[in-house]
**Student:** 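Here it is: the structure, laid out below.
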2 protein chains.
Amino acid sequence: MASSEPVSRKDRVPTGRRLSAESRERQIVEGAIAYFAEVGLDGHTRELARRLGITQPLLFRYFPTKAALIERIYAEVYLKRWDAGWEATVRDGSVPCLERFRRFEIDYQRRIDDYAWLRIFVSAGLKGFDLPSRYLGMVRERIFAPLLEAMRAESDLPSPRAQPLAADEFELLFGIHGALVYVGLRSRVYGIEGTADRDTVRAAMLDAALPGLLATHRRVVAAASFSGPAAAL
Amino acid sequence: MASSEPVSRKDRVPTGRRLSAESRERQIVEGAIAYFAEVGLDGHTRELARRLGITQPLLFRYFPTKAALIERIYAEVYLKRWDAGWEATVRDGSVPCLERFRRFEIDYQRRIDDYAWLRIFVSAGLKGFDLPSRYLGMVRERIFAPLLEAMRAESDLPSPRAQPLAADEFELLFGIHGALVYVGLRSRVYGIEGTADRDTVRAAMLDAALPGLLATHRRVVAAASFSGPAAAL
DNA sequence: CCTTCTATTGAGCGAACGATCAATAAGGGC
DNA sequence: GCCCTTATTGATCGTTCGCTCAATAGAAGG
């Protein structure tokens, strides 16, 4: 893989010894993301250090415990990669609401269809950490709630203030969302390599699901209004 | 939880000592399924034994290694719970093909929306075992392939022998399938407890997705036939 | 060149891991 | 009631885990 040309001591990639504190920390974080994504959060600090070409005690100079390193991974992969533009997209009144939904999903799925993102997300869920539920709670409140409000308005339905959003309305969006996420899961978690480009597959799924969405949404809202705003079931 | 009445030595549940070999083995398998589903496949044999109320070496009397015990779990949870009736359902010519799909998914999802089933399935995928890909390969070949063949026939389209099934056609079914699976994943893996009954949610998703499926399928097959049977992309 | 600072290492601690084996005790057949 | 079978245990092996700490070595400033 690496070239066999002799490399001067000055410009060689400083993977070995005596890095600055900040670039060593960055290297550890990046390496930890790749490593724990591959083997799971039960991966071992010694093996991580070996892959980084450093000794294991050095990890504990930069992170007091293994748990702190994993906490840093969460911040790095999920909180840091949340795109504030998503919230702007779904609130853009100059675009039809179904098109906002499409644009959000295309962009969001491209971001999360990533080896480390999906695998660490699932690993965290299995280990009982609240990261996945908190993250999906953000999607629900910051993305889907404004979208449903816009869909209500576009269909001349009562605003969420007059009639609170029902659980079934969220499920409508989570259904399409889940179909798109599942495409990435099959590849990144289950190791199934399809022949088709996953972006294209997801675009086709949206083409199939979006046209009927507003009509379905109107039926759901009508059904929910019968049983009253509180009874979402 | 348990009643406080005194229990005669004869009919008390024999959880403690001196079980018959087969009932002890069964108890270990059941306990291992529950334990590894909860903590992941990196769970420890000592903790499993503690929960079963037995000593750790006894586990190794019934299973030579921890890996063998996990292999047994795979057989018990996935191969044994595969329902041959599913293959009959999707081949039942007396029922419209979309109704066959609905019946299969309702029954299948009810079976797999199970704490142990979903969590061990995902854990196995993360650990790189080929169980998930093999299992989904069975769904693809034994369920979806016959369904697509029936959908072709019902739409007067060429049979798979004349024009092989395209990857996009499978993605159509996996899309709806994934939306339904995701409902269980959010609960069982991410720990999100929705207010609504998940069976009802999935039924509503099928109601929304199935009516347009045959028309979409015809478009996909027409598009695939242009690029020739071999080029599925 | 020498000193200072600190990134990095080697050795090692206590605990817990998967797995082994001889000793033990519970139950069935006579 | 005794014996034989075998399910079950207690003790323990070698390894590896997360983590600690004193010693080392590489770069920067004078």
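Per chain, numbering begins at 1; letters A, B, ... match sequence-line order.
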**Student:** Show every salt bridge (Lys or Arg N to Asp or Glu O under 4.0 Å) that has at least one partner inside residues 171-185 of chain B, sequence neighbours left out.
**Tutor:**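 Every salt bridge (Lys or Arg N to Asp or Glu O under 4.0 Å) pair that includes a residue of residues 171-185 of chain B, provided the two are not neighbours, is Arg186(A)-Glu171(B).
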**Student:** Take atom CD of Glu47(A) and atom C1' of dT15(D), then tell me their distance rounded to the nearest Å.
**Tutor:**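 Taking atom C1' of dT15(D) as the reference, CD of Glu47(A) is at 16 Å.
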**Student:** So, for Phe170(B) and Phe174(B), is the gap between ring centers shorter than 6.0 Å?
**Tutor:**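 No, the ring of Phe170(B) stays outside the 6.0 Å limit from the ring of Phe174(B), centre to centre.
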**Student:** Whole angstroms only, please: what is the CZ-P distance between Arg61(B) and dA25(C)?
**Tutor:**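 After rounding, the gap between these two atoms is 17 Å.
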**Student:** Aromatic rings Tyr108(B) and Trp117(B): how do their planes relate, parallel, tilted or perpendicular, breaks at 30° and 60°?
**Tutor:**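 Geometry flag for Trp117(B) against Tyr108(B): perpendicular rings.
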**Student:** Send over the distance from Leu59(A) CG to dA7(C) P, rounded to a whole Å.
**Tutor:**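 Value for this atom pair: 15 Å.
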**Student:** Could you state the atom-to-atom distance from CG of Leu58(B) to C1' of dG10(D) in whole Å?
**Tutor:**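 The answer, rounded to whole Å, is 13 Å.
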**Student:** Any donor and acceptor pair, going by atom type alone, linking the side chain of Arg119(A) with main-chain N or O of Glu38(A) inside 3.5 Å?
**Tutor:**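 Yes: the side chain of Arg119(A) pairs with the backbone of Glu38(A).
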**Student:** Which whole-number value in Å describes the distance from Arg24(A) CZ to dT8(C) C1'?
**Tutor:**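 One finds 8 Å between C1' of dT8(C) and CZ of Arg24(A), rounded.
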**Student:** Any N or O donor-acceptor pair linking the side chain of Arg18(B) to the base of dT6(D) at under 3.5 Å?
**Tutor:**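 In this structure, the two groups form a donor-acceptor pair.
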**Student:** If I compare all heavy atoms of Ile33(B) with all of Ile120(B), which pair ends up nearest, and what's the gap?
**Tutor:**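 Residues Ile33(B) and Ile120(B), closest heavy atoms: O-CD1, 3.7 Å.
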**Student:** So that I can tick it off, tell me whether Glu22(B) and Arg26(B) are bridged by a salt bridge, with the cut-off set at under 4.0 angstrom between side-chain N and carboxylate O.
**Tutor:**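 Salt bridge flag = no for Glu22(B) with Arg26(B).
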**Student:** Is Phe63(B) touching bases, backbone alone, or none of the nucleic acid, heavy atoms closer than 4.0 Å?
**Tutor:**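 Here Phe63(B) touches no strand at all.
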**Student:** I'd like to know if the side chain of Glu47(B) and the backbone of His44(B) have a donor-acceptor N/O pair within less than 3.5 Å.
**Tutor:**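 Not a single qualifying donor-acceptor pair exists.
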**Student:** Verify the contact: side-chain N or O of Tyr62(B) to OP1 or OP2 of dA7(D), cut-off strictly under 4.0 Å; return yes or no.
**Tutor:**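 No.
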**Student:** Grab the CZ-P distance between Arg50(B) and dA16(C) for me, whole Å please.
**Tutor:**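 So the CZ-P distance, Arg50(B) to dA16(C), works out to 13 Å.
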**Student:** Taking CD from Glu25(B) and C1' from dA7(D), how many angstroms apart are they, rounded to a whole number?
**Tutor:**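 Rounding to the nearest Å, CD of Glu25(B) and C1' of dA7(D) are 13 Å apart.
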**Student:** Between the protein and nucleotides 19-23 of chain C, which nitrogen or oxygen pairs are less than 3.5 angstrom apart?
**Tutor:**
unit_1  : atom_1 : unit_2   : atom_2 : d
dA19(C) : OP2    : Lys66(B) : N      : 2.8
dA19(C) : N7     : Gln56(B) : OE1    : 3.4
dA19(C) : N7     : Gln56(B) : NE2    : 3.1
dA19(C) : N6     : Arg46(B) : NH2    : 3.3
dA19(C) : N6     : Gln56(B) : OE1    : 2.8

**Student:** Check the distance between dA7(D)'s C1' and Glu22(B)'s CD and give it to me in whole angstrom.
**Tutor:**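 Those two atoms, CD and C1', are 14 Å apart.
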